[in-house]
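As the structure is a computational prediction, the values presented were derived from the model and not from experiment. Sequence lines set the chain letters: A, B, ... in the order given, protein chains first and strands last, and positions in each chain run from 1.
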Amino acid sequence: MNKLVKDAKEGLAGVKDGMTLMLGGFGLCGIPENCISALVEEGVKDLTCISNNAGVDDFGIGLMLQKRQVKKMISSYVGENDEFERQMLSGELEVDLIPQGSLAERCRAGGAGIPAFFTPAGYGTEVAIGKEVRYFDGKPHILESALHADYALVKAWKGDRYGNIIFKGTARNFNPVMAMAGKITVVEVEEIVEPGELDPNFIHIPGVFVQRIFQGKGYEKRIEQRTTRPKA
Amino acid sequence: MNKLVKDAKEGLAGVKDGMTLMLGGFGLCGIPENCISALVEEGVKDLTCISNNAGVDDFGIGLMLQKRQVKKMISSYVGENDEFERQMLSGELEVDLIPQGSLAERCRAGGAGIPAFFTPAGYGTEVAIGKEVRYFDGKPHILESALHADYALVKAWKGDRYGNIIFKGTARNFNPVMAMAGKITVVEVEEIVEPGELDPNFIHIPGVFVQRIFQGKGYEKRIEQRTTRPKA
Amino acid sequence: MLDRNQIAQRIAQELQDGWYVNLGIGIPTLVANYIPDGIHVEFQSENGLLGMGPFPFEGEEDADLINAGKQTVTMQKGGSIFDSSMSFAMIRGQHVQLTVLGAMEVSDSGDIANWKIPGKMVKGMGGAMDLVASADNIIVAMSHTNRKGQSKLLRQCSLPLTGVKCVKKVVTNMAVLDITPNGFQLLERAPGVSVQEIQAATEGRLIIEGDVPEMQF
Amino acid sequence: MLDRNQIAQRIAQELQDGWYVNLGIGIPTLVANYIPDGIHVEFQSENGLLGMGPFPFEGEEDADLINAGKQTVTMQKGGSIFDSSMSFAMIRGQHVQLTVLGAMEVSDSGDIANWKIPGKMVKGMGGAMDLVASADNIIVAMSHTNRKGQSKLLRQCSLPLTGVKCVKKVVTNMAVLDITPNGFQLLERAPGVSVQEIQAATEGRLIIEGDVPEMQF
């Protein structure tokens, strides 16, 4: 059981134009930096990207937008990105906006073999257009479907060659549910450890969901909103 | 934020005849021993119990069956219990059998505000009788609904007074999803620790789901099938 | 008229001991600065954090610990970290007792619009639709009128909705109002603001019963 | 005719390196004893365990570490523990490559009955319905006939079903058979068992093409 690959390029082997990718992260926190760099380098295009956000102009998915690699974004919030705005307003980029909780649950559902579920989120809004409405306990809900991806690109903190991974802080966010939902899940970690080093009671995502794993390098971990208070 | 109560009796304050309870555990592994003892002592009856199994004749939920406290069991597997069999065949006890994965997902759904979801499990069987069938990707699925409970009785390993809890080994099983689904979730732990002692990255169920917590005592942890191999 | 901080301070009076609370971006964030004495609440951030603390001291920022506004934050003792599906399980499952968020418009039946202005760049709803569709208790923090002086408390929202019949209470720079089956019920006036001024600034149905007291701080 | 261990041994030949495998109670459990050299597989136990190892040494049993048959077990290095919803997320989401389970009856279209006999005490389906409805690859391990000598490979199941059109392969004490659109395709004979004997013991449609080889061990 050895899912270890050398680097992002090897991890992304088989990614083709027109594919659907999931990318973990919230803002710039917990994004698969190495995988994004490799995608930009490889130049694969017409991608559908499922990611809560779309990065900033010069980091994260913003780098892929600059090279016009993205055909469609499926996200909950896409501010802080001028090039994104330009492509969206000009019609070059298709955008599907989804409530954040529905996005998370739809990814989990994709990984868990649940094709569809009812949620109250979005009822009575344009998100509900064309979707089935049903009342439970007198409260209206809409039917949402599972999301799947050809590749899920996940950033974790530590992992082993079985694909077991753990996350750190709020860099966890969408990474676990996307790890579950990828046909091929590629994980980049800050540190590869030996099998058995991760306490089996506290593994966030078991290796069964992971196909490839590698140790990333040169993490920038850019902070989007540096907020502090003065030392007392 | 202090959810600490003295013992099972205080934890179960408010449990009344006719209520619906969830009880964690798989077989006798990870069952809320202290809560079950207190229920037996209090003598509350006409209960609907949601639990993967129903214990054995003289341990676990079996103790409640002996005192005729259970009106209905919602479970996936109920073998190994003569009194259960007698009550079921005589019609004293109502039994609703649910596929194990659907049981787990229905509890999680109850806790997560998902009123219903589609699953392939049980299609074409008597489990599907009266349930909506829908095809996704050419495959038939049935609609299953969320489960809720007035009280969820959960056994964890360690916890703090905020209600944050962690589990050990396969004693985890149904406990986390039931902790999410209880209107009042009562957790018994082997050890109460100070807030901050549990690593926030590795808390299995955050305190937000827990209303009461106490340190249990006298855990028997009976083994149902002791299987070993000789030392080489 | 209240300023942003006073709106936050008034909302903080609504907090109850032991509550879990989700604060939106803007005025709602300021509520955390005014927690009444003797009240302990836990802040949930929908990106996956419970027990959110204040901003870190300079030099102690952790790129792996941010809030839903992408700001660097700290954690309180007893806090916990979880993934996005667990975070919205808490929200959708109504385990969070209070959500405070801003709005562009609120209708007198509790509809809210706060995510999209036709013709302008749409950034997305983030977690707002899940929050308003799920929470039992939603307080909107906003100015009573917009920059053109038009009422933001309407008979019907004109902007695309974020949620339907969900807002329970509105705290503005002029008033505290409950949403009732018959419209906005005026509960309190900002110091120095008259019932007449509030009536003039409210386009939706306004219920005024007896003497309307001034807010107390 | 094969004995229980030989059935398990033959099924073990189907294992592929890197697979995750769920083994049911009974004969399927024995498959773990016959993993071919050079093949590494991980065993999933639906009560919440991946990387299940052999039974513990005497005196080293841990009440908090059991398998789905409630037997004390051990864990392999690289294993992991999870809750029941995550366990069935793996199963339902088709992340487990192979499920091996016993059956009372299998039909020639792949239906399976293994949980209930009318008139007898019903213990429940446990995880079987989730497993058979979800897995892409399901092998049934069973005797070819029941104690009365009646075929368990039928045109249609007579007992209440566990799952519909899901079984891919059956390994019995007499034969290895694939389920095809036209019925059971006979792939291999147990050593010393003739095609005629298999035909006589099979009530469902049986496809026999060319020479049917004996199993190799």
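Annotation for K168(A): atom NZ counts as buried by contact number, over 12 foreign heavy atoms lying within 6.0 Å. With a 6.0 Å radius and a threshold of 12 heavy atoms from other residues, nucleotides or ligands, D3(D) has its CG atom above the threshold. Counting non-hydrogen atoms of neighbouring residues, nucleotides and ligands closer than 6.0 angstrom, the NZ atom of K139(A) exceeds 12 such neighbours. Enclosure of atom CD in E126(A) by more than 12 non-hydrogen atoms of other residues, nucleotides or ligands within 6.0 angstrom is indicated. Atom NZ of K9(A) sits in a sparse spot, with 12 or fewer heavy atoms from other residues, nucleotides or ligands closer than 6.0 Å. Around the NZ atom of K217(A), the shell of radius 6.0 Å holds no more than 12 heavy atoms that belong to other residues, nucleotides or ligands. Within 6.0 Å of CD on E214(D) lie more than 12 heavy atoms contributed by other residues, nucleotides or ligands.
At least one side-chain heavy atom of Y20(D) sits under 4.5 Å from a side-chain heavy atom of M1(A). P206(A) has its side chain out of reach of E42(D): every pair of non-hydrogen atoms, C-beta onward, lies at least 4.5 Å apart. The closest side-chain heavy-atom distance from V208(A) to M86(D) is not below 4.5 Å. Here the side chains of Y162(A) and H40(D) are in contact, with some heavy-atom distance below 4.5 Å.
Closest approach of R92(D) and A112(A) over heavy atoms only: NH1-O, 2.8 Å. Residues G111(A) and H95(D) come closest through the heavy atom pair O-NE2, 2.8 Å.
Counting heavy-atom pairs closer than 4.5 Å to chain A, the top-ranked of the candidates Q94(D), Q76(D), K77(D), Q44(D) is K77(D).
Taken to the nearest 0.5 Å, the OG atom of S80(D) stands 13.0 Å off from the CZ atom of F202(A). Expressed to the nearest 0.5 Å, how far CZ of F82(D) lies from CD1 of I205(A) amounts to 11.0 Å.
Listed for the N164(A) side chain is a donor-acceptor partner under 3.5 Å among the backbone atoms of G78(D).
When heavy atoms are compared at a cutoff of 4.5 Å, R161(A) does not approach chain D at all. With a threshold of 4.5 angstrom between heavy atoms, H148(A) does not approach chain D through any atom at all.
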